[in-house]
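First comes the structure, then the notes that go with it.
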Amino acid sequence: MLECTNVDAGYGNVMILHDLNLTVRQGQLSAILGSNGSGKSTALKTLAGLVTPVKGQITLDGKRIDGLPANAMAEHGMCLVPQGKEVLAGMSVQENILIGAFHRRKDKHGIAEDLDRVYAQFPRLKMRRKAAAGVLSGGERQMLSLGRALMSRPKLLLLDEPSAALAPKVVGEISDILRSLRETGLTMLLVEQNVSMAVELAEEIHILREGRIAHSRLNGPDFDTSDLKAYYLGSGT
Ligand SMILES: Nc1ncnc2c1ncn2[C@@H]1O[C@H](COP(=O)(O)OP(=O)(O)OP(=O)(O)O)[C@@H](O)[C@H]1O
Ligand SMILES: [Mg+2]
């Protein structure tokens with residue numbers, strides 16, 4: 001579904017990603033692990049059209065999408081849940097969720113159905129639908145960001161560190177939600193620093209180091225995580 005081939009990208013003259021090659025198959029959940037500053041968010045921003053590659057190509061379902069603006073990427077079904085759990089603090093939970101469906105705002109019936117589905121997936125958001133998003137806990141904000149993203153009917157969901165700064169119990173809840181989304185057939189690319197969460201959920205794991213994929217491996221029952229840290233830190237080969 002997603003093919004990213006030999007992509008270089010960065011900010012101004014500073015290149016962050018070098019020869020990024022990545023494939024995500026339909027229905028697959030892949031993960032990118034990497035330490036702070038390795039370029040994980042830059043990779044997701046590039047896939048979502050917020051950073052324009054200077055080299056290489058990105059295709060989604062065979063259609064070339066690199067160089068398209070972020071709103072056009074979104075219309076192709078690419079949806080980024082950014083790092084930092086940003087919400088519009090002064091607006092209600094429900095208003096925040098509905099923003100995700102803005103580009104198809106005339107489809108009132110479809111939106112009502114999707115909203116019901118999001119509330120079924122996130123009962124806590126339903127309970128708090130009238131609350132100002134600014135008063136939500138970190139876990140609730142992460143759920144809100146996810147719920148908002150699902151309203152756009154994504155083909156490919158890009159998740160930037162959904163477990164960051166959350167208590168272990170809440171990380172478990174987020175994992176459960178991602179697992180149930182995977183069961184619906186949704187294709188996802190998960191960026192994480194939480195190795196155990198990524199290994200629990202992902203079918204393929206990539207390690208990003210200094211803007212390059214240093215290692216890629218298919219997950220399986222005998223998956224050994226003991227050397228992943230070495231790949232992260234640069235001593236693995
Ligand atoms: N808007 C920007 N302008 C210039 N440089 C940036 C910008 N955003 C990120 N960078 C730089 O790009 C590099 C990679 O940053 P990026 O945010 O992609 O890393 P990351 O792997 O997501 O890190 P973290 O785990 O801390 O979120 C860093 O050196 C960072 O300083
Ligand atoms: Mg980041």
Side-chain angles (χ1 to χ4, degrees), residues 1-10 15-51 53-66 73 77-83 154-164 174-175 178-179 181-183 185-237:
M1 153 175 272
L2 175 79
E3 291 271 359
C4 171
T5 316
N6 300 333
V7 163
D8 283 8
M15 280 307 109
I16 304 295
L17 303 176
H18 310 278
D19 258 331
L20 190 76
N21 286 296
L22 202 62
T23 303
V24 184
R25 291 193 310 278
Q26 174 80 41
Q28 189 181 38
L29 195 163
S30 293
I32 300 180
L33 291 166
S35 57
N36 291 119
S38 57
K40 303 181 300 299
S41 296
T42 305
L44 290 193
K45 284 192 243 169
T46 305
L47 295 174
L50 299 168
V51 170
V54 297
K55 200 192 103 205
Q57 67 176 53
I58 303 169
T59 62
L60 188 68
D61 284 339
K63 282 189 223 102
R64 187 135 180 211
I65 55 166
D66 51 276
M73 293 275 207
M78 190 80 96
C79 182
L80 172 65
V81 180
Q83 193 168 4
K155 275 193 204 159
L156 175 60
L157 195 58
L158 309 169
L159 299 148
D160 199 345
E161 296 201 42
S163 81
I174 300 283
S175 292
L178 298 186
R179 196 174 300 107
L181 289 174
R182 192 183 60 190
E183 278 158 18
L186 182 63
T187 313
M188 289 177 272
L189 180 59
L190 168 71
V191 151
E192 263 305 332
Q193 293 201 50
N194 183 329
V195 176
S196 50
M197 182 186 188
V199 171
E200 200 187 301
L201 292 170
E203 287 144 75
E204 189 165 13
I205 309 257
H206 306 278
I207 308 282
L208 193 66
R209 198 167 71 208
E210 294 173 7
R212 295 175 197 274
I213 300 283
H215 185 72
S216 296
R217 202 191 299 178
L218 285 175
N219 204 343
D222 52 357
F223 192 86
D224 180 8
T225 58
S226 58
D227 58 346
L228 285 183
K229 274 237 156 59
Y231 284 110
Y232 251 68
L233 300 172
S235 50
T237 48

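Note: hydrogens, waters and symmetry copies are ignored here, and every other heavy atom, side chains too, is used. All of these numbers come straight from a predicted model, not from anything done at the bench. All residue numbers in this chain count up from 1 along the given sequence.
Remark: the backbone N or O of P82 is not paired with any side-chain donor or acceptor of D160 at under 3.5 angstrom. Listed for the K40 side chain is a donor-acceptor partner under 3.5 Å among the backbone atoms of S35. Judged by distance alone, the side chain of R182 and the main-chain N or O of L201 form a donor-acceptor pair under 3.5 Å.
Applying the side chain to side chain donor-acceptor pair (under 3.5 Å) rule to T187 yields no partners; only residues at least two apart in sequence or on another chain are considered. Qualifying side-chain contact (heavy atoms from CB on, under 4.5 Å) partners for T42, counting only residues two or more places apart in sequence or in other chains: Y11, I16, L17, T46. In this view, S163 and E192 satisfy the side chain to side chain donor-acceptor pair (under 3.5 Å) rule, not counting sequence neighbours. Annotation: side chain to side chain donor-acceptor pair (under 3.5 Å) contacts of E3 (sequence neighbours excluded): T23. For E200, the salt bridge (charged side-chain N to carboxylate O under 4.0 Å, His left out) criterion is met by R179, not counting sequence neighbours. Evaluation of the salt bridge (charged side-chain N to carboxylate O under 4.0 Å, His left out) rule for K55 yields D8, D19 as partners, not counting sequence neighbours. Annotation: salt bridge (charged side-chain N to carboxylate O under 4.0 Å, His left out) contacts of E204 (sequence neighbours excluded): none. Applying the side chain to side chain donor-acceptor pair (under 3.5 Å) rule to Q57 yields the partners R64; only residues at least two apart in sequence or on another chain are considered.
Within the 4.5 Å cutoff, side-chain heavy atoms of L47 are placed close to those of L2. Between V24 and M1 the shortest side-chain heavy-atom distance does not fall below 4.5 Å. The closest side-chain heavy-atom distance from P53 to I58 is below 4.5 Å.
Considering all non-hydrogen atoms of both residues, M78 and A48 come closest at CG-CA, 4.1 Å. What you find for A9 and V51 is that their closest heavy atoms are CB-CG1, 4.0 Å. A pairwise comparison of heavy atoms in L33 and V195 identifies CD2-CA, 4.1 Å as the closest pair. Closest approach of I174 and M197 over heavy atoms only: CG2-CE, 4.0 Å. Nearest approach of V7 to C4, heavy atoms of both residues: CG2-SG, 3.6 Å.
Distance check: S30 OG to L190 CG gives 9.5 Å after rounding to the nearest 0.5 Å. Atoms CD1 and CG, from I32 and L44 in turn, are 5.5 Å apart once rounded to the nearest 0.5 Å. Here NE2 of H18 is found 12.0 Å from CD1 of I213. Values are rounded to the nearest 0.5 Å. In this structure, the separation between CG on L22 and OG on S216 is 7.5 Å, given to the nearest 0.5 Å. Summarising the geometry, atom CD belonging to E161 is positioned 4.5 Å from atom CD belonging to Q83; distances are rounded to the nearest 0.5 Å. Put simply, CG on L157 and SG on C79 are 5.5 Å apart, with the number rounded to the nearest 0.5 Å.
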Show your reasoning for whether side-chain contact (heavy atoms from CB on, under 4.5 Å) applies to I205 and H215. CA-CA 8 Å; I205 309 257; H215 185 72; over 6 Å; no
May I have the step-by-step check of side-chain contact (heavy atoms from CB on, under 4.5 Å) for L208 and L20, ending in yes or no? CA-CA 9 Å; L208 193 66; L20 190 76; 3.8 Å; yes
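Pairs of residues two or more places apart, or lying in two chains, never qualify as salt bridge (Lys or Arg N to Asp or Glu O under 4.0 Å) while including a residue from residues 24-34.
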